Number of protein chains: 2
Amino acid sequence: MTEFARVPQLSTRIATHLQTRIEAETWPPGTRLPTEAQMMQEFGVSRAVIREAIAQLRNAGLVETRQGAGAFVAAPGARPIRLEPAQTMDRRAFAKLYELRTPLEVEAAGLAAQNARKPDLARLAQAMARFDVPEESIEASVAADLEFHHAIALATQNPYFVQVLAAISDRIAHVIRAARAEMTLADLHARTRSEHGAICAAITARDPQAARAAMRAHMAGGAARIGLRQKQGPT
Amino acid sequence: MTEFARVPQLSTRIATHLQTRIEAETWPPGTRLPTEAQMMQEFGVSRAVIREAIAQLRNAGLVETRQGAGAFVAAPGARPIRLEPAQTMDRRAFAKLYELRTPLEVEAAGLAAQNARKPDLARLAQAMARFDVPEESIEASVAADLEFHHAIALATQNPYFVQVLAAISDRIAHVIRAARAEMTLADLHARTRSEHGAICAAITARDPQAARAAMRAHMAGGAARIGLRQKQGPT
DNA sequence: TATGTCAGGTTATCAGACAAGTCTTGCGCA
DNA sequence: TGCGCAAGACTTGTCTGATAACCTGACATA
């Protein structure tokens, strides 16, 4: 009968405790966890708490439950890849995130040039067209930017790029929006349009090398615009 | 009364329903969700189900709950990046995952060459040393491989690379382990040792360009060894 | 051996209650 | 009038007990 302090939620503490047993392979995949009743006794809490702890693990993909059968340790391949959010999104953490984003966007541009299909190119052109109108608001501009990069990710034909880039871009856009940039909206709009145009042209021409180079320039430009230095040479 | 179609759990259905409202910005960040009592009435279920649904959203990082106050839609920046597991980890999905891993490992090698500190280089050398002994088992070999790549990720000084590469490598290693490879263990050991050595040397020499090239060769070699074709040229 | 049935165990859901924390409101006081 | 503060309403966290849906394994039977 272990006694838990009440600082974090009871269920969370129990969940992390169980998680260590699973990740330490004390309970290898396929193992059946103790029943809820047994855990109630072991941890000295009510069934509601146990159920919530199990729910957390199930949500994290570490266990699977079957009504009437029990809870089982899931196979590693079934677990989702998960990146914990940075505690504070300060300038340093932001730069690190951008550092992660850059090679992914560059590679996505190259893959898009190789693998894009007709509908992908159409979607890309459509995203480009949104820049033809004069700049309206920071919101509209950011949304158009996101849509363009999303179209590239889709063109890779690789769902992993779509997912991870969507998550990263979304967070970066959020910070940009909050920071408000130091340049005029008109200038930002023009530069983005120009750089996006180069990328779009290279992808449409199915030139992976040019697409990568254009995207790399775009990333470096974006980093510079928001005050980040990238000390990265040619790859 | 027999049910033919098995429906997902009640809590899951309600959770996804709430999720659509959040992602459609019907409830923008900061909004307070209806109270548990209100939802009980709206959906006609017990409080336990509502609480499980909320718990799912909380685990997904979409809402935050505060005792006595309520449940609130979380800021996008606070949400963890999450990659859903592929339904089936077949050869195609595996290739896509490798496609994502390659640019990340290449960039990590380059950043490691730029940013590695003394302890990082020591850890790298230690990981290399594990290959000096003759091959033992497939398990030991895979573990040493993972440790080497983990050491590189740490040397980037970028926690995002550490997290995402750890998650991806772990899953790839799992598949490799299951597939058992087509080459002899001795041959695999020798090749891995040779390629890792080149990477390690480039990083220790603080030569980012050479580190990137060596890692790219290593990735291509690994892909070829497990039967994947990479149609990727120089970046 | 093969098969159908049943009993026991397990999770899913329901219902009601109290504890702990938060927010609002109104009252007393300066 | 304006401010401080405490009481009370409200909300989530935890506990308790019960029923329904479901799974597994043993057992009887042909």
Side-chain angles (χ1 to χ4, degrees), chain A residues 1-19 21-22 27 29-75 78, chain B residues 1-19 21-22 27 29-75 78:
Chain A
M1 173 120 80
T2 317
E3 195 59 61
F4 284 101
R6 309 244 162 176
V7 211
Q9 299 223 158
L10 223 38
S11 53
T12 301
R13 291 206 47 128
I14 292 177
T16 55
H17 185 243
L18 296 177
Q19 187 173 352
R21 290 197 205 173
I22 293 174
W27 289 336
T31 308
R32 210 191 81 170
L33 270 59
T35 68
E36 295 177 349
Q38 288 172 325
M39 291 193 190
M40 283 171 64
Q41 200 155 16
E42 177 181 355
F43 296 110
V45 297
S46 77
R47 188 157 166 243
V49 174
I50 296 295
R51 283 189 59 75
E52 225 166 279
I54 300 286
Q56 284 184 35
L57 298 179
R58 187 178 47 213
N59 217 258
L62 275 91
V63 308
E64 289 168 359
T65 60
R66 298 204 324 267
Q67 183 177 170
F72 302 83
V73 177
Chain B
M1 180 161 71
T2 45
E3 283 288 347
F4 292 99
R6 176 161 310 197
V7 295
Q9 286 189 282
L10 267 177
S11 53
T12 301
R13 278 192 292 172
I14 291 176
T16 55
H17 185 253
L18 296 177
Q19 188 172 351
R21 291 197 205 173
I22 292 174
W27 290 336
T31 308
R32 210 190 82 171
L33 270 60
T35 68
E36 295 176 351
Q38 288 173 326
M39 291 193 187
M40 283 171 65
Q41 200 156 13
E42 176 181 355
F43 295 107
V45 297
S46 75
R47 194 167 160 225
V49 173
I50 297 295
R51 284 189 59 77
E52 289 245 339
I54 300 287
Q56 284 184 34
L57 298 180
R58 189 178 45 214
N59 285 337
L62 282 118
V63 307
E64 289 168 359
T65 60
R66 297 201 329 263
Q67 183 177 176
F72 302 83
V73 177

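So you know, we letter chains A, B, ... as the sequences are listed, proteins then strands, and number each from 1. Being a predicted model, the structure only gives us computed values, none of them experimental. Every heavy atom of this structure was used, including side-chain atoms; hydrogens, water molecules and symmetry mates were not.
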To the nearest angstrom, the CZ-C1' distance between Arg58(B) and dT11(D) comes to 14 Å
Atom CZ of Arg32(B) and atom P of dT24(C) are separated, to the nearest Å, by 9 Å
The correct set of residues in residues 62-69 of chain A placing a heavy atom under 4.0 Å from DNA chain D is Arg66(A), Gln67(A), Gly68(A), Ala69(A)
In whole angstroms, the gap separating C1' of dC10(D) from CG of Leu33(B) amounts to 16 Å
Could you tell me whether the side chain of Glu52(A) reaches within less than 4.5 Å of the side chain of Arg51(B), counting heavy atoms only?
yes
With distance as the sole test, does Arg21(B) use its side chain to make a donor-acceptor pair with the main-chain N or O of Thr16(B) at under 3.5 Å? no
Out of dC15(D), dT12(D), dT10(C), minimum distance to the side chain of Thr35(A) belongs to dT10(C)
Can you check whether Trp27(B) reaches Leu18(B) side chain to side chain, under 4.5 Å on heavy atoms?
yes
Checklist entry - Under 3.5 Å, side chain of Gln38(B) to main-chain N/O of Thr35(B), donor-acceptor pair present? => result yes
note: Glu36(B), atom CD; dC14(C), atom C1'; distance rounded to Å ~ 15 Å
* **Close side-chain approach of Val63(A) to Leu33(A), heavy-atom, < 4.5 Å** => yes
With the side chain defined as heavy atoms from C-beta on, Ser46(B) is closest, among dA12(C), dT13(C), dG13(D), to dT13(C)
Rounded to whole Å, the CD1-P distance (Ile50(B) to dG13(D)) equals 13 Å
From CD of Glu52(B) across to C1' of dT11(C) the rounded distance in Å is 10 Å
For Arg66(A), the salt bridge (Lys or Arg N to Asp or Glu O under 4.0 Å) test, sequence neighbours excluded, returns none
To the nearest angstrom, the CZ-P distance between Arg13(B) and dA12(C) comes to 15 Å
* Looking at side-chain heavy atoms only, is the closest gap between Ile14(B) and Val45(B) below 4.5 Å? -> yes
Of Gly70(B) and Val49(A), the one whose nearest nucleotide on DNA chain D sits closer to the 5' end is Gly70(B)
Gln41(B) atom CD is separated from dT11(D) atom P, nearest whole Å, by 13 Å
inquiry  = Counting only side-chain nitrogens and oxygens, does Arg51(A) get under 4.0 Å of the OP1 or OP2 atom of dA12(C)?
reply    = yes
